[in-house]
Colleague: 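Before anything else, here's the structure in question.
Just so you know, these numbers come straight off a predicted model, no measurement behind them. FYI, the numbering just counts along the sequence from 1. First listed ligand is number 1; within each ligand, the first listed atom is number 1.
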Amino acid sequence: MEKVIILRYAEIHLKGKNRGYFERALSNNLEKSLKGLRHELHRLSGRWLIAAFDESKAEEICERIKKVFGVHSYSVGLLTDSSERSLFEAVLAVAPEEGTFKVETHRADKKYPLTSPEVSARLGGRLLNVRPRLKVDVHTPDSIVYVDIRENSSALVFCKFERGAGGMPVTTSGKGLLLISGGIDSPVAAHMMAKRGLSVQLLHFHSYPYTNEGAKEKVVKLAKILSPYTQTDRLTTVKVTHIQEEIHKKCAAELNVTLLRRFMFRIAERVALLNGAKCLVTGESLGQVASQTLEGITSSNSVVKLPVLRPLIGFDKEEIIDRAKAIGTYETSILPYEDCCTVFLPEFPATRPKISFIEEEEAKLDVEALVEEALNSAETVLL
Ligand code: ATP
Ligand code: MG
């Protein structure tokens, strides 16, 4: 009898040719997430089995697979041979001490000498004999003991379904570049897009020396918290200090943020194309701040060709905070470091800037040279 973990994925993604692709991505991701922990990963039909691990590490394995998108649910159970004696031993090990229960048997091995209802009845009967505080209820039991008899004379016995991260395996939707700020929102946006199978790369803008090393370390820390979900292995940082100084010196103050954001998007598009990313992702939410109005969004979108995904667009701050807490990024996000967006922040930023005004002000700058200069400052941090 061996402790194992049974993983299930949602069949909905498994149409035709996609199946192999989906399963390979999921197994790659599971292997990555279990790196450093002894284990074997076996494929069963529509499921995976993690076996041969150090039983004292079962909890750690579960913590890790909870962060792997594409896993719909999982169960910690027992792998045993399919003799009735072994099945009963396993049932005893997983079944509760009290309450109502039923045994539910599934039989892939159609040559097994007993039918599924017979197996359930016999195991359930024996269980009742030794656990007097248990009662059978076949309609709404508190617990179900699942017995899954497999073809090779083995069986899986388990009692609980735990919810997995859901979604689709990271990489199956391609690659995107997230603009990550160190605030609460952008890490949540990363998590949401990874859930839809997007492999998320990270780009952070800083304006050293106005922003300090602490701000950058904070973003590295956030990236590390995210990486079990997103499988991100690097963070690109780009310095926009000179761009901000030029805007501050030459352009209308109320457009500071609007213009900076256009630079950010231009630079992000270049970084994305260099790295094979096919979309940009931001943590913007409609109306949250002056730059996140329809006019602000239009202004930023109009300088890039890549699609910009904004998964938080319809979320309230409170909803975003709840998610950040669940992901584990919140406590880091609220550490007080200055973001480059708040450097030179005008007292009254424009909320509905006209495109013609933006373009007029921007014409005072050598946009291409500033973008090039910023790109030359790019650094990569391996996580
Ligand atoms: P966040 O909590 O993600 O910082 P926010 O509510 O503070 O968001 P803004 O500062 O306006 O909003 O930023 C909007 C989006 O622009 C962020 O979600 C992020 O995607 C991007 N962004 C802002 N600042 C930076 C930065 N320094 N580097 C990279 N991206 C940034
Ligand atoms: Mg911010």
Colleague: Within a distance under 4.0 Å of any heavy atom of Ser291, pick out the atoms of ligand 1 and give their elements.
Modeller: 11 (O)
Colleague: Which atoms from ligand 1 have a heavy atom of Ile180 less than 4.0 Å away?
Modeller: 26 (C), 28 (N), 29 (C), 30 (N)
Colleague: Any atoms of ligand 1 less than 4.0 Å from a non-hydrogen atom of Thr282? List them with their elements.
Modeller: 20 (O)
Colleague: Stepwise, does the ring-ring contact (aromatic ring centres under 6.0 Å, His included) test hold for Phe205 with Phe263?
Modeller: CA-CA 10 Å; Phe205 297 105; Phe263 276 96; over 10 Å; no
Colleague: Quick one: which ligand 1 atoms are inside 4.0 Å of a heavy atom on Gln292?
Modeller: 9 (P), 11 (O), 12 (O), 13 (O), 14 (C)
Colleague: So, His242 versus Gln244: side-chain donor-acceptor pair below 3.5 Å or not?
Modeller: no
Colleague: Answer with yes or no whether the hydrophobic clustering places Met264 together with Leu375; edges join I, L, V, M, F, W, Y residues whose side-chain heavy atoms lie under 4.5 Å apart.
Modeller: yes
Colleague: List ligand 1 atoms under 4.0 Å from Gln288, heavy atoms only on the residue side.
Modeller: 5 (P), 6 (O)
Colleague: So is His206 touching ligand 1 or not, going by heavy atoms under 4.0 Å?
Modeller: no
Colleague: Tell me which part of Leu179 gets within contact of ligand 1: side chain, backbone, both or neither, using heavy atoms under 4.0 Å.
Modeller: both
Colleague: Salt bridge check, Lys249 against Glu245: does any charged N sit closer than 4.0 Å to a carboxylate O?
Modeller: no
Colleague: Other residues, nucleotides and ligands only: do more than 12 of their heavy atoms fall within 6.0 Å of NZ on Lys278?
Modeller: no
Colleague: Within the 4.0 Å heavy-atom shell around Gly283, which atoms of ligand 1 are there?
Modeller: 17 (C), 18 (O), 20 (O)
Colleague: Relative to each other, are the rings of Tyr9 and Trp48 parallel, tilted or perpendicular (30° and 60° limits)?
Modeller: tilted
Colleague: Is the closest N or O pair between Phe205 and ligand 1 shorter than 3.5 Å?
Modeller: yes
Colleague: Do Thr100 and Asp142 meet the criterion of a side-chain donor-acceptor pair at a distance under 3.5 Å?
Modeller: yes
Colleague: For atom 16 (O) of ligand 1, state which one of Met264, Arg261, Lys317 supplies the nearest heavy atom.
Modeller: Arg261
Colleague: Mark up the atoms of ligand 1 that fall under 4.0 Å of a heavy atom belonging to Gly183, in ascending order.
Modeller: 1 (P), 2 (O), 4 (O)
Colleague: Would you check whether Leu178 has a nitrogen or oxygen atom less than 3.5 angstrom from a nitrogen or oxygen atom of ligand 1?
Modeller: no
Colleague: Is the closest side-chain donor-acceptor distance between Thr230 and Ser227 under 3.5 Å?
Modeller: no
Colleague: Please determine if Val281 has a nitrogen or oxygen closer than 3.5 Å to a nitrogen or oxygen of ligand 1.
Modeller: no
Colleague: Judged by modelled atom types alone, do Ser120 and Thr105 share a side-chain donor-acceptor pair under 3.5 Å?
Modeller: yes
Colleague: Output the list of atoms in ligand 1 that are nearer than 4.0 Å to some heavy atom of Leu203, sorted by atom number.
Modeller: 29 (C)
Colleague: Would one find an N or O of Ser186, backbone or side chain, under 3.5 Å from an N or O of ligand 1?
Modeller: yes
Colleague: Under 4.0 Å between a Lys/Arg side-chain N and an Asp/Glu carboxylate O for Glu362 and Arg262?
Modeller: yes
